[in-house]
Amino acid sequence: METVRIFLENHIVGKKTLLIKIENSKLRFQISNEISKRFCNHMITKISRSGKYLIFFYSNKFSLLFHLGMTGYFRISNYYERKKHDHLMFYFENQVLIFNDIRKFGFVKIYEEEKIKFSSHLIGMGPEPLSDRFSAEYFFKNLYRKTNIKNLLMNQSFVSGLGNIYCSEILFDSKIHPIRRVSSLSKEEVGGIVKSVKKTLRLAIKAGGTTIKNFIVSDEKVGYFKNKLMVYGRERMKCKRCKMDNVIAKIKQSGRSTFFCSGCQL
DNA sequence: AGGCATGTTACAGG
DNA sequence: ACCTGTAACATGCC
């Protein structure tokens, strides 16, 4: 999401929205008809991100909160070319921004600028993983929780923005087995996981994010982190670290796939 | 053909 | 208060 934010910041901040067209209003939440009246002829002043949410700030002191769900993406071009599952178009002077979402788990909502931080979606979020607030000390204070390390990392109220792919990658990097109860983690292990979280995200952002299948940012060269994945999607393959054959395992945790090396993650 | 898997999260219920 | 399962939906792969 950070790479999506950077992409949008580079392309549409400072531009005036001339026309908004709703192609299909059915998303996780219905797209409000108010959107066109409210934002046409106003300028986008800033695009920020909170966890996996994006916020467009407009010059009229209103803002748009987006979530891309599993299959949502933005694309930009010089003219509109219709594609299946397009939901919303923002026309600018020489460009159009399109929000497309196959599975309709994403959404967009309108907020007054002052009120958005109190939105039910943002209010309970944990610290940003790359901020100083997400530290070994913070982590250690949460080891009383009664869950495994994979699910803790996935919990957006513990730390915001980590998705299913990154959680497998992070635990591989820290050599921690995903089913470990968090109460069993030592101070050293917690420190290592925090380091792996920051390292993995920094690398991913540098590589342009993790585009798999439909998670397209644009036609630009982005999404190359998928080429750097160490465990995700590598079931029964050789471990890239310990080199043992056929050791990458795939399990389910709370309904989500987890990949790990049964040789070097303890 | 049909069952299962897929990047997320809101909500219900234990 | 915290944790887990389920549902929302469309598509692709065995």
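Note on naming: letters A, B, ... go to the chains in the order of the sequence lines (proteins, then strands), and numbering restarts at 1 for each one. Because only heavy atoms are used, hydrogens play no part in the values below, and waters and symmetry mates are left out as well, while side chains stay in.
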Side chain of [X] only, please: which of [options] is the nearest?
X         : options                 : value
Lys104(A) : dA5(B), dT8(B), dA10(C) : dA10(C)
Lys84(A)  : dA5(B), dT4(C), dT11(C) : dT11(C)
Lys146(A) : dA5(B), dC3(C), dA10(C) : dC3(C)
Arg103(A) : dT8(B), dC9(C), dC2(C)  : dC9(C)
Gln156(A) : dT11(C), dT9(B), dT8(B) : dT9(B)
Asn164(A) : dA10(C), dT8(B), dT4(C) : dT8(B)
Ser254(A) : dG5(C), dT9(B), dT8(B)  : dG5(C)

Any [X] side-chain nitrogen or oxygen under 4.0 Å from OP1 or OP2 of [N]:
X         : N       : value
His121(A) : dA10(B) : yes
Thr71(A)  : dT11(C) : no
Tyr144(A) : dA1(C)  : no
His85(A)  : dT11(C) : yes

Fill in: Distance between P atoms of dA1(C) and dT9(B) (Å, rounded)
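To the nearest whole Å, 22 Å.
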Discussion item. When the P atoms of dA1(B) and dC9(C) are compared, how many Å lie between them, rounded to an integer?
Written reply: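 Straight-line distance between the two P atoms is 24 Å.
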Worksheet item: So, Tyr53(A) versus His67(A), ring centres under 6.0 angstrom or not?
Response: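 Centroid distance Tyr53(A)-His67(A): below 6.0 Å, so yes.
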Worksheet item: Given the side-chain rings of Phe56(A) and Phe66(A), with only the six-membered ring counted for Trp, is the space between their centroids under 6.0 Å?
Response: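 Yes: the rings meet the under 6.0 Å criterion.
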Worksheet item: Are Glu9(A) and Arg5(A) ion-paired here, with the side-chain N under 4.0 Å from a carboxylate O?
Response: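 Salt bridge between Glu9(A) and Arg5(A), a charged N being under 4.0 Å from a carboxylate O: yes.
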Item to complete: Check the pair Lys115(A), Glu112(A) against salt bridge (Lys or Arg N to Asp or Glu O under 4.0 Å), reporting the backbone distance first and the verdict last.
Response: CA-CA 5 Å; Lys115(A) 294 186 180 167; Glu112(A) 289 174 48; 3.4 Å; yes
For [X], which contact category applies under a 4.0 Å heavy-atom criterion: base, sugar-phosphate, or nothing?
X         : result
Tyr53(A)  : sugar-phosphate
Lys250(A) : sugar-phosphate
Asp101(A) : nothing
Tyr166(A) : nothing
Arg145(A) : sugar-phosphate

Discussion item. Under 3.5 Å for both donor-acceptor distances, Watson-Crick or wobble: does dC9(C) have a partner, and if so which one?
Written reply: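 In the structure as shown, dC9(C) has no Watson-Crick or wobble partner.
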Discussion item. Assess, by modelled atom type and distance only, whether the side chains of Lys150(A) and Asn155(A) contain a donor and an acceptor separated by less than 3.5 Å.
Written reply: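 Distance-only check fails for Lys150(A) and Asn155(A).
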Discussion item. Between dT9(B) and Arg28(A), counting only base atoms on the nucleotide and side-chain atoms on the residue, is there a donor-acceptor pair under 3.5 Å?
Written reply: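 Yes.
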